[in-house]
Amino acid sequence: MEATLTSGQTFNWEWSADGWTGVVCGRWVRLQQEGSLIRARTSEPQRTWDWLEEYLQVKVNLNEVLASFPNDPHLQLAVAACRGLRLLRQEPWECLASFLLSSTKQIVQIRQIVAMLSSTFGRQLSALGGRPAFGFPSADRLAAVREAELRACKMGFRAPYLLATARLIADGHCDLESLRNLPLAEARERLMELPGVGGKIADCVLLFAFGFPEAFPVDVWVTKVLSRFYFRGRRVKPSRLRSFIEMHFGPNAGYAQQYLFHYIRTQTRGEQ
DNA sequence: GACCAGGACCATT
DNA sequence: AATGGTCATGGT
């Protein structure tokens, strides 16, 4: 669970001695790992846990996913180092907005920005003990604020992108939920029409929110690890990298990407 | 105090 | 098509 929640696919989980605290579908949640089980606590009674099972993707058979990976020693090394890492199924708007804020930011900083944005514009939620919690602000809410208010959340040049995209979602010009049912390439194009959304951020939404398992976000870390593992550390043109990815990683390429990303990031921390 | 971070966009070649 | 500069901020 730790690998899943700290691997840079989501930014709103906080660890403490009591477990992992976060917000899913507008509900405050605390998760505790007990062996192979996960215990969940909410601040209010729940009539169903479907929303959490969907988010955590607990019904995905991880062994089947891993069995679909190519049998190459580098990838297997990453798999061994990131035991239990899963892909979440996040809410599209929160995922899109979070990754709009992610460009050339370290994960710790993205977490700070998301936290400030939520506490400023998000809905306050009841929580068990501790500090109050805040949900991620809706597109409607953000569409109504001024750019300066967003910049006050330390997002810098990303503020106009977030604002413009929030407005396109809020006024119905773009319906995120409808993109879920499109073919991957088409959904990707629709996403890239949004201001501030290029191929990488689109791939993140396709993989982390819409659940396209073959979507493969390529950032500086993934570029680095692919170069090191499969191209003897040499620079590789993006187009060549793309064709290698499609050739090599199979139907669950996105999972493989997440293992490689988390592996290289945790291995080289503090190095160089 | 450099260097860099889960990029996108625009102006030049 | 392919670089190069720019954007804002702060962690390491």
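Throughout, a chain's letter reflects where its sequence line sits, starting with A, and its residues are numbered from 1. Any value given below was found using the heavy atoms of this structure, including those in side chains, with hydrogens, waters and symmetry copies removed.
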Applying the 3.5 Å cut-off to both distances, the Watson-Crick or G-U partner of dC4(B) turns out to be dG10(C)
A quick test of your reading: do over 12 heavy atoms of other residues, nucleotides or ligands sit less than 6.0 Å from CZ of Arg180(A)?
yes
Would Phe261(A) count as stacked on dG6(B) if the rule is ring centres under 5.5 Å and plane angle under 30°?
yes
For a quick check of understanding: with a heavy-atom distance under 4.0 Å over all strands, which category does Val218(A) fall into, base, sugar-phosphate or nothing?
nothing
Within the structure shown, what part of the strands sits under 4.0 Å from Ser7(A) by heavy-atom distance: base, sugar-phosphate, or nothing?
base
Base, sugar-phosphate, or nothing for Lys105(A), non-hydrogen atoms under 4.0 angstrom?
base
Could you check how far CG of Leu194(A) sits from P of dA8(B), rounded to whole Å?
12 Å
NA contact type, Gly196(A), heavy-atom cut-off 4.0 Å: base, sugar-phosphate, or nothing?
sugar-phosphate
Please give the distance between the P atoms of dG5(C) and dC3(B) as a whole number of Å.
15 Å
Could you state the atom-to-atom distance from CG of Asp219(A) to P of dA8(B) in whole Å?
10 Å
Starting at atom CD of Gln109(A), determine the distance to atom P of dC3(B), rounded to an integer number of angstrom.
18 Å
Over how many whole Å does the gap from Arg235(A) atom CZ to dA2(C) atom P extend?
12 Å
From CG of Leu162(A) over to P of dA8(B), roughly how many Å is that when rounded to an integer?
15 Å
In this structure, how many angstroms lie between the C1' atom of dA8(B) and the CE atom of Met155(A), rounded?
16 Å
When both hydrogen-bonding distances must be under 3.5 Å and the geometry is Watson-Crick or G-U wobble, what is dC9(B) paired with, if anything?
dG5(C)
For Glu14(A), is there an ion pair with Arg131(A) - N to carboxylate O distance below 4.0 angstrom?
yes
Which part of the nucleic acid, if any, lies within contact of Arg158(A), taking any heavy atom under 4.0 Å across all strands shown: a base, the sugar-phosphate backbone alone, or nothing?
base
hbond_proxy Gln258(A) side chain to dG6(B) base (donor-acceptor, 3.5 Å cutoff):
yes
Could you tell me how far apart Met192(A) (CE) and dG7(B) (C1') are, to the nearest whole angstrom?
11 Å
Atom CD1 of Ile113(A) and atom P of dG10(C): how far apart are they, to the nearest Å?
9 Å
Can you tell if the side chain of Met1(A) reaches within under 4.5 Å of the side chain of Ile38(A), non-hydrogen atoms only?
yes
Can you find a pair of side-chain heavy atoms, one from Thr21(A) and one from Trp28(A), that are under 4.5 Å apart?
yes
State whether the number of non-hydrogen atoms from other residues, nucleotides or ligands found under 6.0 Å of Arg242(A) atom CZ is greater than 12.
yes
Categorize Thr104(A) for me: base, sugar-phosphate, or nothing, with a 4.0 angstrom heavy-atom threshold over every strand shown.
base
Could you work out the separation of dG6(B) and dA2(C) based on their P atoms and round it to a whole Å?
26 Å
Base, sugar-phosphate, or nothing: which does Tyr161(A) touch, judged by heavy atoms less than 4.0 Å apart?
sugar-phosphate
Quick test of your reading of the model: are Glu44(A) and Arg27(A) salt-bridged, counting only N-O distances below 4.0 Å?
no
Any donor-acceptor N/O pair under 3.5 Å between dG6(B) base and Gln257(A) side chain:
yes
